[in-house]
Every structure is written in C-alpha cells, then in structure tokens.
> 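Okay, handing you the structure first.
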Amino acid sequence: MQNADTIFRGAKLVDGTPSALVVKNGKFVAIGRDADVGTSARNVVDLGGALVVPGFVEGHIHLDISLYGDTWKSHKPCTAGFDVRERVEIQRQDMAAAAPMDERARNQLDLCISNGTTQMRSHVMVDASVGLKSLETILAVREEYRDRIDIQLVAFPQSGIITCPGTAQLLDAAFDLGCDLIGGLDPASFDRDTKAHLDVVFGIAEKRGVGVDIHLHEPNQLGIFVLEEIAARTRALGLQGKVAVSHAYALGEVPIDVLRRTAHTLAAAGVAIMTNAPGSHPFPPVMELRQAGVTVFSGSDNIRDSWWPYGDGDMLGRAMMIGYRSGFYTDEELGVAFELVTEEGAKALGLSDYGLRVGASADFVTLTAEHIPEAVVSVPKPRSVYKAGQCVVSNGVQIRK
Ligand SMILES: [Zn+2]
C-alpha cells in the first residue's frame, strides 16, 4: 500500500475518462481511472464528476495599476485621439488618487485566483517616474500569495527608456530585488530609437540571464520591422523560448504574405506572441501564427484601470473572447482558444511542472461542463481551484489559511 497526501476521486478528464488524481508533496503522482488503487491518503476528496482542467495561465496583467476593488473611476478619454504619453499622464493622476497599491493588487489577485488562475506574469512599472517603489510593493504582495499563485514579474518601462533618463539603470537594479524578466515598450514610436531601446532591453537580458517580454503596439510595417529586430536579437543571444512580444497588433494589420513571412521569422527565433483580443483593435491571427509554429498565449492585460474600464480576471472568459473574435466555431478551434490560456501560456512562461500529468504541480480547476469546447463557450461558474493539491477556492469562495 502506497501513501499519498490526497486522493481526488470523481474527476472527469478532458477526454471524458472518469479518473482519480493522486497527490503527494504538492505534485501529481498518479492520474487515471484506477490511479488510486493500492494507495492510501490522509485526505480523500470527491470532485463529484466535475471536469478537471489545469490551472489557468494569466500571461499578461498589470498588478500595480488596476483600480479594481477601488471606487469606480470613470474612463477619461485622450483629448485628440489615443496617445500613449497622454494616457500615461492620466494614469499618473489616477494613481495619485487611488487606494494603496498593495490593496489594489490583492483585490486583483483575489479576483484572478477565484476564477482559476494559478500561474501569472505581471508587468510592473519600473522607470524614472516611479523608481523601484511599485516593484517593491508587488514583490511583497507576491510573497503573501506564494502558496496560492506563482507570479513572474516583468520590469516594465512604461515611460520609455531612452526618453526617460535614469530608467536603464533602474531596470537593471530591478533584478537585484527579484524581478524575473525585462520588459520594453514601442521602441520605435515611443522612444523613437529602436536600436538604443533594444540595446538596453537585450543588454540587461544578457547580463542578468533573464527572459524578455516587450509591449508592442506599433502598427503595420513599423511593427513588423521591430518584430524582425527582436527576433534577430533573440537568435543572436540564444534566447529562443525566452522572449515574448505582447500585443503585436501589426501582425493583424499587414497583408497575408507579410504575416506569413514574419510568423516564420518569429517561430524560427522562438519568440512567443501574447494577445488578449482587445476591444475593436486588429490583433494577431491566432491560427496563422500557430500553423507557422509560433507559441501564442493570452492574458487579461488591463483590468479596470486608466487604460480601459473592462477586465474580469477570468482566463476562461478570455479564451471565449479570443475564440469569438477569431471566428472559432469547431470543437478543435475552441480547443485552441483553451490552449492559449493553459498549455501555450505555460510554454511561453517557461513553466516546466505544469499540466495534468504525473510529476507536475497539482494545480487544477474544476468546471461544470461536459468538455472543453462547452466550457469555452459557456464559461461556467462557480469554480473550485487547487494549488499544489490544496483547495484555495471552493465553489468560487477563497479559502484562507
Ligand atoms: Zn500590458
């Protein structure tokens, strides 16, 4: 008789198989119809036939700037069409009047965890306007939540690097505090110096041995040019699989032949693309990119902040939105939307112990759905969420220890 910590019975796997999940030291040690035969455990939990899926991967969020849980802040439009610098200034004013950052970050984490997110990548502003203060706050909150969610932090130069003197040094210093990745922002249009911007970003990546995740809103051929530059630097430094570009709107704007050529360049360089299928904006064509071998993943991005009033921290809902905007109808296509918020997210984030498999961390969500395609279109709630085999959310209610 083998010993385990917890046996979960009454699980339904994604292929419909009734199954048991056996967990020891926070990891799956057996999964399958008779996985618990000959095993004893201190805890036995009946999942009641629920569909069991891996914990969701929130691949792009901003824990420092959300106003979620604070009083409602009406969106302030830019004076003459969308302008990133003006929006950053509006954000500065909103932040000055907002509840403390740690409180707002906790609100956002509670929301995401309740919806089933067990892994997250958050960008945090690091630049000469806020210094390292935001990062220090979010690092402390990350520590508080370490038993409930794994969080990677990206040092994000929201105010630019070259046009915001002192930022390059602060970005480098972020890695002494425990930051995980180096970020960037529109090297050509914001800093107006692609080479200088990417020199700093990839210079830090090389020096600190960290991955890269760059915000890229630049349109059409300008965006394609910057993507090619990022791919070339990724290959030159041997960073394949450790670099992501978030948004990459240009991929959704250029003619199909340019898209295909760029997709092959990105795939060959191991550069992943994050999309949240935002609003009415063109966004990267998911199927074309995947067919070329590009890892495509997703995230909420902004949640009720100075950029837009939307966002609910639900990655299953995000999968539905991506499927809806992409025209995904078949079961196979809906399955792709689901992969973007699970396995593909894990790949982009470099998570080695992810998934419903023996040896992986026992992070999973239970859903009331027949199968994945139905879950993507029906977005069922409430959910129960397990992190390293421990229940952190029971029927939508967080369990606090
Ligand atoms: Zn973002």
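Ligands are counted one by one from 1 in listed order, and the atoms in each one are counted from 1 as well.
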> Around the Zn ion (ligand 1), how many protein N, O or S atoms are found at less than 2.8 Å?
4
> Nearest 0.5 angstrom please: L21 CG to R9 CZ, how far?
11.5 Å
> Restricting to side chain to side chain donor-acceptor pair (under 3.5 Å), what partner residues turn up for R208, sequence neighbours left out?
D172, D176
> Please check: side-chain N/O of D191 versus main-chain N/O of I161, any donor-acceptor pairing under 3.5 Å?
yes
> By the side chain to side chain donor-acceptor pair (under 3.5 Å) test, which pairs, at least two apart or in different chains, include something from residues 262-280?
none
> Please list, chain by chain and in numerical order, all residues satisfying ring-ring contact (aromatic ring centres under 6.0 Å, His included) with F190, sequence neighbours excluded.
none
> For the residue pair H247 and H217, does the interplanar ring angle fall in the parallel (under 30°), tilted (30 to 60°) or perpendicular (over 60°) class?
parallel
